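To keep things clear, I will list the structure first and then write my remarks on it.
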Amino acid sequence: MNKSCPTCSQTFEPEPGFYFGAMFISYAFNTTLFIAVWVLYSNLTEDFSILTLLAIMGISAVVFLPLFFRWSRAIWISIFVPFEKKSQSSGSKT
């Protein structure tokens, strides 16, 4: 992860431990993923196996880990650091 934004120079870690709260957002993402996998698996198969379900959940958690990690950190910082779009001027006209 970059230390700061290349466009606006906003630091991505305002204080040590800032992203501790992002774990709760990641937890919500993973819970939603596990419930979705469970519902899909139980509706698509008649022979329900708990070991197969756990394997599918584990694989899906590993596959989605990079995505959920970035999303949860982005959501967490957006709660505390407002986005302000500045107009891009083309310079002074003479």
Side-chain angles (χ1 to χ4, degrees):
M1 185 169 156
N2 295 336
K3 295 284 184 193
S4 62
C5 177
T7 304
C8 68
S9 300
Q10 168 67 41
T11 181
F12 287 137
E13 190 156 353
E15 60 187 44
F18 176 75
Y19 289 105
F20 178 74
M23 291 189 309
F24 298 105
I25 297 172
S26 179
Y27 177 79
F29 282 143
N30 281 307
T31 302
T32 304
L33 175 69
F34 289 169
I35 291 172
V37 167
W38 175 40
V39 168
L40 283 172
Y41 180 70
S42 63
N43 286 330
L44 293 177
T45 62
E46 293 178 12
D47 185 26
F48 189 84
S49 168
I50 192 72
L51 291 177
T52 306
L53 176 62
L54 290 174
I56 294 171
M57 284 182 174
I59 291 169
S60 63
V62 170
V63 168
F64 284 101
L65 177 71
L67 183 66
F68 290 166
F69 177 77
R70 290 179 184 266
W71 282 357
S72 63
R73 289 174 72 107
I75 290 170
W76 188 252
I77 199 167
S78 69
I79 292 171
F80 297 101
V81 179
F83 175 73
E84 297 175 8
K85 185 174 183 178
K86 296 182 181 182
S87 62
Q88 300 274 336
S89 61
S90 60
S92 61
K93 295 183 180 180
T94 56

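For clarity, every value in this text was computed on a predicted model and none was experimentally measured.
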*Pair listing, side chain to side chain donor-acceptor pair (under 3.5 Å) test, anchored in residues 61-81, at least two apart*: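 Pairs touching residues 61-81 that pass the test: none.
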*Are Leu54 and Phe64 linked, directly or through other ILVMFWY residues, by side chains that come within less than 4.5 angstrom of each other?*
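Yes, because Leu54 and Phe64 connect within a single hydrophobic cluster, where side-chain heavy atoms sit under 4.5 Å apart.
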*State yes or no: do Ile56 and Leu44 share one hydrophobic cluster built from I, L, V, M, F, W and Y residues joined by side-chain heavy-atom distances below 4.5 Å, directly or via other members?*
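No, separate clusters.
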*asked:* I need the Trp38 CH2 to Asn43 CG distance, nearest 0.5 Å.
replied: 10.0 Å
*Sequence neighbours left out, what passes side-chain contact (heavy atoms from CB on, under 4.5 Å) with Ser49? Give chain and number order.*
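By the side-chain contact (heavy atoms from CB on, under 4.5 Å) rule, Ser49 matches Tyr41, Leu51, Thr52.
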*With sequence neighbours excluded, tell me which residues meet side-chain contact (heavy atoms from CB on, under 4.5 Å) with Val81.*
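If we apply the side-chain contact (heavy atoms from CB on, under 4.5 Å) test to Val81, skipping adjacent residues, the hits are Gln10, Ile77.
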*Of all residues at least two apart in sequence or in a different chain, which pass the side-chain hydrogen bond (donor to acceptor under 3.5 Å, both in side chains) check with Ser42?*
none
Could you go through residues 20-37 and list every donor-acceptor pair under 3.5 Å that involves a side-chain atom there, pairing it with any protein atom two or more places apart or in another chain?
unit_1, atom_1, unit_2, atom_2, d
Asn30, ND2, Ser26, O, 3.1
Thr31, OG1, Tyr27, O, 2.8
Thr32, OG1, Ala28, O, 2.8

